[in-house]
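Since the structure comes first, as structure tokens, the remarks are kept for the end.
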Amino acid sequence: MTPAQPLTRCYEISPHAQIDDLAARIHGLARLAFGTYPGVLSPLEAHRAWYVRRPGMDRDLSMGILCEGQLVASTFVTVAPMRLGGQEMPVGIVDTVMSHPGHRRQGLARWALSASVDEMRARGLAASLLYTVEDSMPARFYESLGYVVHMPVRYYRAPRPARPTGEAAPRRARPEESGAIMRFLNDALAEHDGYIPLDEPLWRWRHRERPAALPAATWVLEGDTGYAGCVTICRAPIVAPDGGQVACHVLTDLAVAPGADPSPTIAGLLGAVPGGCEARALSAECEGAVNGVLEGLGFAAATREVAMVLPLDGEARGALHRAPAHWYALAESVIGV
Ligand SMILES: CC(C)(COP(=O)(O)OP(=O)(O)OC[C@H]1O[C@@H](n2cnc3c(N)ncnc32)[C@H](O)[C@@H]1OP(=O)(O)O)[C@@H](O)C(=O)NCCC(=O)NCCS
């Protein structure tokens with residue numbers, strides 16, 4: 001149940017749909033809330049303008065809190081079909097929970113997120129999912145709202161990933177291959193909980209509409225009967241532990257064809273990662289084979305994130321009892337790309 005409005009100041013809550021100039025306001029607040037948050041994308045206005053157009057981003061479920069017209073707290077909710085417990089269900093993905101440093105500890109984040117949860121429940125969504133740093137203050141806050149830790153995810157860094165030798169070389173995917181790559185990914189990741197099946201709008205947003213400041217390229221490795229593997233590599237400025245920023249290559253949608261050997265496939269794909277800066281990748285704790293290959297190629301888990309789920313109906317509650325064999329880590333919700 002949504003807690004009462006804090007009494008100390010004249011705060012008003014409003015769905016994002018009723019907030020003017022949303023992307024610029026979100027960017028201003030994110031600079032303050034996430035500008036020194038290690039591991040996430042350094043706040044960029046072009047990124048926010050893109051992010052608010054994410055397919056499924058729901059401006060009625062996403063909430064903002066205003067104080068004298070200024071946005072001081074916010075939550076994003078994106079509605080997507082997601083696999084949980086092996087079944088696809090409508091899930092509200094929460095991210096970018098933030099409040100202004102001058103307005104903290106007054107219940108604003110709790111108010112905004114509780115209102116989003118109430119609206120998700122009223123909408124009939126099966127569950128809500130979010131990512132946060134394991135065993136952190138935000139994790140405890142989400143727990144207090146009913147979110148439970150479902151899957152730990154390793155946030156890998158490789159200062160200089162090993163350049164494999166002797167592996168088959170990947171090639172850059174051509175634009176006209178997008179349909180084939182979507183089918184490949186949907187098939188290769190079919191058993192992964194946490195996965196959002198790709199369709200044309202999601203592909204278009206991730207690949208063709210992304211900001212020029214965050215260029216991404218998809219690489220494929222050919223096998224005997226089709227693709228053996230695929231990865232997307234995005235160059236992005238990431239917040240460093242000292243609050244500065246570091247240029248990184250973020251690996252997303254790393255997938256190996258069912259039946260292919262992960263070791264040579266991933267090693268071959270990583271041949272596409274340009275040198276000269278750090279590489280980053282997310283991989284769930286349950287992905288033992290993938291994690292072993294990444295670690296063999298110089299990746300080390302810097303921090304641990306957790307995927308937390310709030311079940312909103314009986315089906316989702318049941319799904320949480322089935323430990324996932326595979327889990328897809330949603331980079332855009334953890335890192336922002
Ligand atoms: C996390 C954040 C959104 C909390 O915002 P807030 O408006 O201060 O949060 P609230 O006042 O609603 O507090 C919610 C709960 O969080 C916990 N909490 C918040 N700030 C805390 C702090 N500094 N120390 C300990 N607990 C804290 C408390 O449990 C609190 O509940 P309670 O006051 O009923 O005990 C805010 O600190 C922030 O924007 N941080 C930077 C961005 C970030 O980390 N976002 C989360 C990413 S997953």
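Indexing begins at 1, ligand by ligand and atom by atom, following the structure's order. The model shown is predicted, which means the values in this text are computed figures rather than measured ones.
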Exercise for the section: Enumerate the atoms of ligand 1 whose separation from the nearest heavy atom of Y37 is less than 4.0 angstrom. Expected result: 43 (C), 44 (O), 47 (C)
Exercise for the section: Indicate yes or no: does E200 engage R208 in a salt bridge with an N to O separation below 4.0 Å. Expected result: yes
Handout entry: ligand 1-proximal atoms of F34, by part, heavy-atom distance under 4.0 Å
Key = side chain
Problem - Pair N291-S283, side-chain donor/acceptor within less than 3.5 Å - result: yes
Handout entry: I93 with I26, same ILVMFWY side-chain cluster at under 4.5 Å
Key = yes
Handout entry: Between S128 and R121: side-chain donor-acceptor atoms closer than 3.5 Å
Key = no
Problem - Minimum-distance protein heavy atom relative to atom 11 (O) of ligand 1 - result: G107 N, 2.8 Å
Handout entry: Heteroatom proximity flag, F141 to ligand 1, N/O under 3.5 Å
Key = no
Problem - Nitrogen or oxygen atoms of R110 and ligand 1 under 3.5 Å apart - result: yes
Practice task
Give a yes or no on whether atom 13 (O) of ligand 1 lies under 4.0 Å from any heavy atom of the protein.
Solution key: no
Practice task
For a side-chain contact (heavy atoms from CB on, under 4.5 Å) with T75, tell me which candidate from I65, L113, L130, L61 qualifies.
Solution key: L113
Exercise for the section: Report yes or no: does Y142 have a heavy atom closer than 4.0 Å to ligand 1? Expected result: yes
Handout entry: R304/E285 under salt bridge (Lys or Arg N to Asp or Glu O under 4.0 Å): CA gap, chis, key distance, verdict
Key = CA-CA 9 Å; R304 281 202 346 162; E285 200 67 45; 2.6 Å; yes
Problem - Option whose closest heavy atom lies nearest to atom 35 (O) of ligand 1, chosen from R105, M137, R140 - result: R105
Exercise for the section: Considering only non-hydrogen protein atoms, determine which one is nearest to atom 45 (N) of ligand 1 and report residue, atom name and distance to 0.1 Å. Expected result: V97 O, 2.8 Å
Handout entry: In one Ile/Leu/Val/Met/Phe/Trp/Tyr side-chain cluster, 4.5 Å: M308, M89
Key = no
Exercise for the section: Considering heavy atoms of the protein only, find what lies nearest to atom 41 (C) of ligand 1 and give residue, atom and distance to 0.1 Å. Expected result: A33 O, 3.4 Å
Handout entry: Test log, rule ring pair (Phe, Tyr, Trp, His ring centres under 6.0 Å), inputs H326 and Y195
Key = CA-CA 10 Å; H326 293 286; Y195 181 64; over 10 Å; no
Practice task
Specify the protein heavy atom at minimum distance from atom 9 (O) of ligand 1: its residue, its atom name, and the distance to 0.1 Å.
Solution key: A109 CB, 3.5 Å
Fill in the blank from the handout: Taking every heavy atom of P311 against every heavy atom of G146, the minimum-distance pair comes out as CD-O, 4.3 Å
Completion exercise
closest protein heavy atom to atom 39 (O) of ligand 1 is S99 N, 2.8 Å
Problem - Nitrogen or oxygen of T132 less than 3.5 angstrom from that of ligand 1 - result: no
Exercise for the section: May I ask which of R104, E143, E305 has a heavy atom nearer to atom 36 (C) of ligand 1 than the others do? Expected result: R104
Exercise for the section: Could you tell me whether some N/O pair between Q106 and ligand 1 is separated by less than 3.5 angstrom? Expected result: yes
Problem - Y51 and D95 side chains, donor-acceptor separation under 3.5 Å - result: yes
